[in-house]
Amino acid sequence: MRTEQLEYIAAVTRLGSLRRAAEELRLSQPALSETVRNLERELGVTLLERKRSGATMSAEGRELLPHIVGVLEAVDRLRAAAGEQHRVSRMVRVATVNAATVPLLIPVVRAFRAAHPLTQVEVVAAQQTEIHRALTEGGFDLGLVNHLEGDDMPAALESTQLLHGRPVVCVRPDSPLASRPEVTVDDLLSEPLIAMRSGYVMHRYVHRLLNGRTPAFSYSTDGAEMGKLMVAEGLGATVLPDFSVVGDPLERLGALTYRPLAGAGTRVLLMLQLRRAASVPQSARGLREEFLRRAQELGGTLSPPADRPSGGAD
């Protein structure tokens with residue numbers, strides 16, 4: 001049982017309608033209805049009577065309502081007490097799949113630190129499934145994850161697109177692939193491939209791209225940062241969203257470059273996610289606003305400087 005489930009029930013009871021509660025909570029009505037049904041199954045009672053005119057508390061629900069309100073009030077008191085006791089050492093926990101770390105995450109954390117000097121920011125690298133689970137359970141406050149265009153978003157999370165980009169092939173400047181205007185799948189198969197492990201969006205993308213074909217040799221690793229380091233050390237090529245490569249220190253130093261991937265029609269979206277609940281800390285909401293401001297500055301995408309051809313330096 002999660003406190004947001006109780007908050008949802010309280011909102012439906014107060015507003016008398018699943019539709020109005022969904023609008024206030026910024027949830028889809030099917031997602032809200034399913035959350036309520038999950039709670040009903042867990043408690044073994046029917047909390048709401050659903051009618052064409054709206055949703056009202058059932059007799060069992062009315063009996064439990066004082067307990068629900070009591071739990072929510074106790075949670076509010078606990079949060080207030082914790083905020084008072086730890087106002088000097090507040091913390092926002094941000095989980096990331098290490099996408100656009102330098103051009104997006106670093107400036108956001110720096111700006112937030114300047115505006116909120118007493119609030120700590122903890123950045124944790126994790127896989128997308130782990131981030132989704134911990135966001136839902138309250139282990140993380142914010143999550144930065146990649147999605148392929150057309151993917152369904154988790155109903156329990158509030159998702160905002162920050163950046164969009166195209167998949168590119170990341171290589172060393174002295175790689176044979178760096179001399180080509182674009183890299184085909186056949187080209188990619190001729191080189192050792194550094195792939196993301198299962199659980200990362202780019203693992204799913206490359207698996208779909210290769211369509212059962214296998215490269216000459218392949219490695220598996222966790223996350224874009226290790227993949228780029230392996231490329232810079234000459235171990236092979238990797239496929240990443242361009243916003244994971246543009247502006248990276250290794251790219252700026254000339255240790256790696258990138259080329260467009262032929263036939264890469266699917267865009268990769270960088271999403272900022274948090275729980276759909278009133279219990280999200282205000283400090284996390286503040287950091288979210290910094291992310292939105294920075295994404296607006298970047299124009300929703302990352303592009304190479306005007307004095308350099310798209311696809312990186314030779």
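For the numbers below, each heavy atom of this structure counts, side chains included, while hydrogens, waters and symmetry mates do not. Sequence positions, counted from 1, serve as the residue numbers for this chain.
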Q: Report whether Val168 and Leu188 are members of the same hydrophobic cluster (ILVMFWY, side-chain heavy atoms less than 4.5 Å apart, transitive linking).
A: yes
Q) Side-chain contact, heavy-atom cut-off 4.5 Å: Leu229 with Thr221? A) no
Q: Any chance you could measure Arg288, atom CZ, to Leu272, atom CG, to the nearest 0.5 Å?
A: 6.5 Å
**Q.** Gly254 versus Pro173, closest heavy-atom pair with distance
**A.** O-CG, 3.1 Å
**Q.** Side-chain ion pair, Arg213 and Asp186, N-O less than 4.0 Å
**A.** yes
Q. How long is the span from the CZ atom in Phe243 to the CG atom in Leu269, to the nearest 0.5 Å?
A. 7.5 Å
Q) Stepwise, does the side-chain contact (heavy atoms from CB on, under 4.5 Å) test hold for Val45 with Glu63? A) CA-CA 11 Å; Val45 298; Glu63 290 181 9; over 6 Å; no
Q: Answer yes or no: is there a side-chain heavy-atom contact under 4.5 Å between Lys228 and Glu251?
A: no
Q | Pairwise distance OG1(Thr214) to CG(Leu189) - rounded to 0.5 angstrom | A | 7.5 Å
**Q.** Side-chain heavy atoms of Met153 within contact of Gln273, under 4.5 Å
**A.** yes
Q | Joint cluster assignment, Met226 & Val206, ILVMFWY side-chain distance < 4.5 Å | A | yes
Q | same_hphob_cluster(Val268, Val97) at 4.5 Å side-chain heavy-atom cutoff | A | no
Q) How about Thr257 and Val171: do any of their side-chain heavy atoms sit closer than 4.5 Å? A) yes
Q: Taking Arg93 for its side chain and Asp141 for its backbone only, find out whether a donor-acceptor pair lies under 3.5 Å.
A: no
Q: Would you mind checking if Glu23 and Arg20 are paired as a salt bridge, meaning a charged N to carboxylate O distance below 4.0 Å?
A: no
Q: Would you give the length of the straight line joining atom CD of Gln5 to atom CD1 of Ile9, rounded to the nearest 0.5 angstrom?
A: 8.5 Å
Q: Kindly indicate, with the supporting measurements, whether the criterion salt bridge (Lys or Arg N to Asp or Glu O under 4.0 Å) is fulfilled by Arg110 and Glu290.
A: CA-CA 10 Å; Arg110 183 183 294 117; Glu290 290 291 348; over 6 Å; no
(Q) Run Leu144 and Phe291 through side-chain contact (heavy atoms from CB on, under 4.5 Å) and show every step you take. (A) CA-CA 10 Å; Leu144 284 174; Phe291 273 111; 3.8 Å; yes
Q. Is the shortest side-chain N to carboxylate O distance from Arg166 to Glu149 below 4.0 Å?
A. no
Q | Arg113 atom CZ, neighbour heavy-atom count above 12 within 6.0 Å | A | no
Q | Interatomic distance, His67 atom NE2 to Leu6 atom CG [nearest 0.5 angstrom] | A | 12.5 Å
Q.
Let's go through Val121 and His116 carefully: what are the C-alpha distance in whole Å and the side-chain angles of both, what is the deciding distance for side-chain contact (heavy atoms from CB on, under 4.5 Å) to 0.1 Å, and is it a yes or a no?
A. CA-CA 10 Å; Val121 179; His116 305 273; over 6 Å; no
Q: Please tell me if the side chains of Arg294 and Leu105 come closer than 4.5 Å, counting only heavy atoms from C-beta onward.
A: no
Q) Looking only at side chains, do Glu49 and Ser58 share a donor and an acceptor under 3.5 Å apart? A) no
Q.
Would you say that Met271 contacts Leu157 through its side chain, given a criterion of any heavy-atom pair below 4.5 Å between the two side chains?
A. no
Q) Is atom CD of Gln296 surrounded by more than 12 heavy atoms (other residues, nucleotides or ligands) closer than 6.0 Å? A) no
**Q.** Derivation of the side chain to side chain donor-acceptor pair (under 3.5 Å) call for Thr184 and Asp187
**A.** CA-CA 5 Å; Thr184 67; Asp187 296 333; 3.0 Å; yes
(Q) Applying a strict under-4.5 Å side-chain criterion to I, L, V, M, F, W and Y, I'd like to know whether Val124 and Phe112 cluster together. (A) no
Q) After noting the C-alpha distance and the side-chain angles of Thr238 and Leu193, does the key distance pass the side-chain contact (heavy atoms from CB on, under 4.5 Å) rule? A) CA-CA 6 Å; Thr238 191; Leu193 179 63; 5.5 Å; no
Q. Is any side-chain heavy atom of Leu65 less than 4.5 Å from a side-chain heavy atom of Leu47?
A. no
Q) Looking only at heavy atoms, which two atoms of Ala10 and Leu72 are closest? And how far apart? A) CB-CD1, 4.0 Å
Q) In terms of hydrophobic clustering (I, L, V, M, F, W, Y; side-chain heavy atoms under 4.5 Å; direct or indirect links), are Leu104 and Phe140 co-clustered? A) no
Q: With rounding to the nearest 0.5 Å, note down the distance linking CD in Gln120 to OG in Ser283.
A: 11.0 Å
**Q.** side chain to side chain donor-acceptor pair (under 3.5 Å) between Tyr200 and Asp222, worked out
**A.** CA-CA 8 Å; Tyr200 288 93; Asp222 268 313; 3.0 Å; yes
Q: Report yes if some heavy atom in the side chain of Arg259 is under 4.5 Å from a heavy atom in the side chain of Arg180; otherwise report no.
A: no
